[in-house]
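Take a look at the structure set out below.
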Amino acid sequence: MKKKVFYLFALICSMSLFASCSDDDDPNYYSVIEKEIAGNYKGTLSVSIDGTAMPGAPQNITIEKASPTAINLSIKDFSFMGISIGNVELKNCALSQNGDTYTFTGTQNLKTDALSCVIDAKGTIVKGKVTIDMDVDATVGDAK
């Protein structure tokens with residue numbers, strides 16, 4: 001009888017060793033997004049088409065909190081070389097952290113009267129500086 005009680009006690013004790021909470025493992029960038037990342041940024045848009053650099057143009061970017069682990073990024077009236085693309089709205093871009101560098105990625109399908117495009121963006125945020133690399137795969141009419 002004592003062996004059965006001992007085994008029951010050992011089983012109960014071992015069960016508590018396997019219980020864990022996955023919520024503790026999820027990153028939470030809430031305060032970093034609110035205090036350091038969210039805001040309006042002014043910068044220069046550098047465009048490269050098939051490896052050829054085009055003249056830069058000023059551009060404003062807005063970053064907002066989407067969740068404790070993601071941001072929304074928007075560029076109003078995005079255009080280059082006189083071609084209006086429209087508003088770029090990258091929603092729920094997941095953040096990841098490596099030291100003091102935050103990285104994110106986002107995708108948007110955008111259609112205007114003149115063209116349709118897929119925008120794939122990846123970027124970094126380091127000490128208040130935002131760098132975004134956007135790959136715009138545009139179709140004008142039937143041409144690509």
Side-chain angles (χ1 to χ4, degrees), residues 5-144:
V5 172
F6 174 74
Y7 287 131
L8 179 62
F9 179 71
L11 178 65
I12 292 171
C13 289
S14 67
M15 291 295 283
S16 66
L17 294 176
F18 295 111
S20 68
C21 182
S22 65
D23 290 343
D24 295 339
D25 298 335
D26 293 338
N28 186 339
Y29 305 122
Y30 181 83
S31 64
V32 172
I33 294 171
E34 289 288 323
K35 294 177 184 174
E36 298 177 28
I37 296 175
N40 297 313
Y41 295 84
K42 292 181 181 180
T44 302
L45 173 67
S46 300
V47 176
S48 174
I49 299 176
D50 293 330
T52 304
M54 301 295 164
Q59 190 69 60
N60 296 325
I61 298 170
T62 301
I63 297 178
E64 302 172 326
K65 178 178 65 73
S67 74
T69 59
I71 58 172
N72 293 333
L73 184 138
S74 62
I75 303 173
K76 302 285 185 204
D77 301 321
F78 179 65
S79 65
F80 64 93
M81 296 177 38
I83 302 169
S84 177
I85 303 292
N87 295 334
V88 174
E89 300 284 338
L90 301 170
K91 302 285 185 182
N92 292 312
C93 301
L95 284 177
S96 61
Q97 180 182 13
N98 184 5
D100 62 351
T101 301
Y102 294 89
T103 59
F104 62 91
T105 58
T107 301
Q108 179 186 6
N109 293 320
L110 185 63
K111 186 169 175 96
T112 66
D113 294 336
L115 59 91
S116 63
C117 58
V118 176
I119 301 170
D120 288 317
K122 58 184 173 183
T124 58
I125 304 168
V126 182
K127 297 180 182 176
K129 181 180 178 185
V130 178
T131 303
I132 304 168
D133 182 18
M134 291 193 314
D135 182 20
V136 180
D137 187 12
T139 303
V140 179
D142 294 331
K144 225 178 187 187

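Heavy-atom basis, side chains included; hydrogens, waters and symmetry copies ignored.
- Nearest approach of C93 to G106, heavy atoms of both residues: SG-CA, 3.9 Å.
- No side-chain donor-acceptor contact under 3.5 Å links E34 to the backbone of E36.
- For the atom pair NZ (K91) and OG (S74), the distance works out to 7.0 Å, reported to the nearest 0.5 Å.
- Atom CD1 of I71 sits about 5.0 Å away from atom CG of L95, to the nearest 0.5 Å.
- The 12-atom threshold is exceeded at NZ of K65, counting heavy atoms of other residues, nucleotides or ligands nearer than 6.0 Å.
- The shortest distance between side-chain heavy atoms of E64 and T62 falls below 4.5 Å.
- Distance check, rounded to the nearest 0.5 Å: CG of N109 to OG of S116 gives 9.0 Å.
- In this structure the side chain of I119 reaches within 4.5 angstrom of the side chain of L110, judged on heavy atoms.
- At least one donor-acceptor pair closer than 3.5 Å links the side chain of N72 to the backbone N or O of N92.
- A heavy-atom distance below 4.5 Å is not found between the side chains of I37 and Y29.
- Between I125 and I63 the shortest side-chain heavy-atom distance falls below 4.5 Å.
- Not counting sequence neighbours, the partners of N87 by the side-chain contact (heavy atoms from CB on, under 4.5 Å) test are K76, D77, E89.
- For D100, the CG atom is densely surrounded, since the number of other residues' heavy atoms within 6.0 Å is greater than 12.
- For the pair V32 and Q97, the minimum side-chain heavy-atom distance is 4.5 Å or more.
- Distance OH/Y41 to CD1/I75: 13.0 Å, rounded to 0.5 Å.
- Nearest heavy atom pair, residue A70 against residue I33, reads O-CD1, 3.7 Å.
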